[in-house]
Every structure is written in structure tokens, then in C-alpha cells.
Amino acid sequence: MRDVRVVLIGGTSNTGKSTVAEAVAERLGFEHRSTDGLARHPGRPWRTPEREVPPHVAEHYGTLTTDELIASVLAHYERLWPRIEELVTDHARDGAPGLVLEGSALWPERVARLTVPRTAAVWLTADDTVVRDRVRAAGRYEEAAEGERLLMDRFLARTGRYQALMVDAVEAFGLDRIDVGGRTAAELADAVLAAVEGQSRPARGGGTGDTAEGPRGGEQS
């Protein structure tokens, strides 16, 4: 891998970004961080043994339409972007520790316009049924009350719409996308690293390859 110091892994919720990013970071000896740690949008609206759904989260998913949920989360990501760009810039500098940053906040259009060197990016996608099954398993959907199921269904509607919009943007900018399919985390880490390697090569039409440019296009099945 040619001098890439920052790897960005985007994708909608429950596509395995965190697990894959951790595997990639371990292989590269980089730090691993999530954009959720910078500023979190209303969290996932289902109970776990450790936490109840906060009232404001239940209200958020219980009262907004899918279009309103999408508008809300995209506005949150827009507000968060300057902090993401600053973090990427800091880690791309000489002597800084490498970084694998993952999160839904890595919106393709903004990443495509990054001019930070030594940066590569890839997006993970998953079939809607895969995401649905993961969310329902996490929220114990079959055991949940009707109101709890409604919140999960609203979350899934937003998640599916977000992914559709994200895929359109990824394809419009010619960026790398990897479908998780039935692949293991190790196999997906291999695919991410192969995409990163491809991005770090000199672009067509010139370039010395001494330094990786900002994220650029390519195809990855």
C-alpha cells in the first residue's frame, strides 16, 4: 500500500463497518475510530440488556416520517463534517499515526471532494434483508412490544433509504463499493485493503505515485 495514512470506511448502519474497520486497522497498525464517537445522532431505538431507549430517541423515530428522518440525519452529518475533515487532515500529516475511520457520516460527495493526500475510501453495502435481520436480532423483534417494533421498522426504513441514496452518490462519483454478501470480516478486510491499494496507485493520465491523492474512483465487486 503506497503511503496511505487514512482509510475511510462508509456505509449505512449494520453493514459491519466497525468490525471490518477494526480488522483493517489491526493489519495496518493504525488507530481505529468511529464518527459516532465525534457526535452521535439519536441512537438506535431498541432496548439492550444495558440500556433502555431514551425518550428523545423514541420520540424521534416515533413521530418523524422517513423523509424527515433522512433530512435530520443528513443535516447532522453536514454539521459534523468539519470535525471529520480536521481529523482526517491531522492523521494524514507526516509523523501522525495512521487512522481507519468508519461511520455513516462519511457521505460520498463530501469524501470525494477531499483534497487531503494519503487518504483512501470505500463504502460497505448490504442487502436490505441482511440489515433487517441484523436489526431485528439486536432488538429481539419477535419478543418486542408493538410500539418497540414500530421504532425498529422506522429505523429500518430510514436505513434502507439512506443506503439507496448513498449508493447513488458512490456510483455518481465513481467511488469504491464492496457488498458484504456472505463474506467474513477477514475477507471483507482483504477486499477493503485491495481497494485501498488500487486507489494508492498513480491515477490514469499521469502522476508520480509518490503520494496517494484524495479518494478516487474504481470498481470492486
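Partner of Trp107 under the ring pair (Phe, Tyr, Trp, His ring centres under 6.0 Å) criterion, out of Tyr162, Trp81, Phe173, Tyr77: Tyr162 alone.
To the nearest 0.5 Å, atoms CZ (Arg183) and CG (Asp190) are separated by 9.5 Å.
Contact between Arg5 and Gly98 at its shortest, heavy atoms only, is NH2-N, 3.1 Å. Minimum heavy-atom separation, Arg110 to Leu74: NH2-O, 4.4 Å. Ala39 approaches His76 most closely through the heavy-atom pair O-NE2, 3.0 Å.
With hydrogens and angles disregarded, no donor-acceptor distance shorter than 3.5 Å links the side chain of His60 to the backbone of Pro45. Formation of a donor-acceptor pair under 3.5 Å by the Arg132 side chain with backbone atoms of Leu156 is not found in this model. A distance-only check finds a donor-acceptor pair linking the side chain of Gln199 to the backbone of Ala121 [under 3.5 Å]. A distance-only check finds a donor-acceptor pair linking the side chain of Thr89 to the backbone of Glu85 [under 3.5 Å]. Side chain of Arg51 to main chain of Trp46: a donor-acceptor pair is present (N/O by atom type, distance under 3.5 Å, no hydrogens or angles). At least one donor-acceptor pair under 3.5 Å links the side chain of Gln163 to the backbone N or O of Ala126. Of the possible polar contacts, none joining the Arg118 side chain to the Val6 backbone as a donor-acceptor pair under 3.5 Å is found. In this structure, Thr66 contributes its side chain and Arg158 its backbone to no donor-acceptor pair below 3.5 Å. No donor-acceptor pair closer than 3.5 Å links the side chain of Arg136 to the backbone N or O of Asp153. Here the side chain of His91 pairs a donor or acceptor atom with the backbone of Pro97 at under 3.5 angstrom.
Counted by atom type alone, Thr65 and Asp67 present zero donor-acceptor pairs between their side chains at under 3.5 Å.
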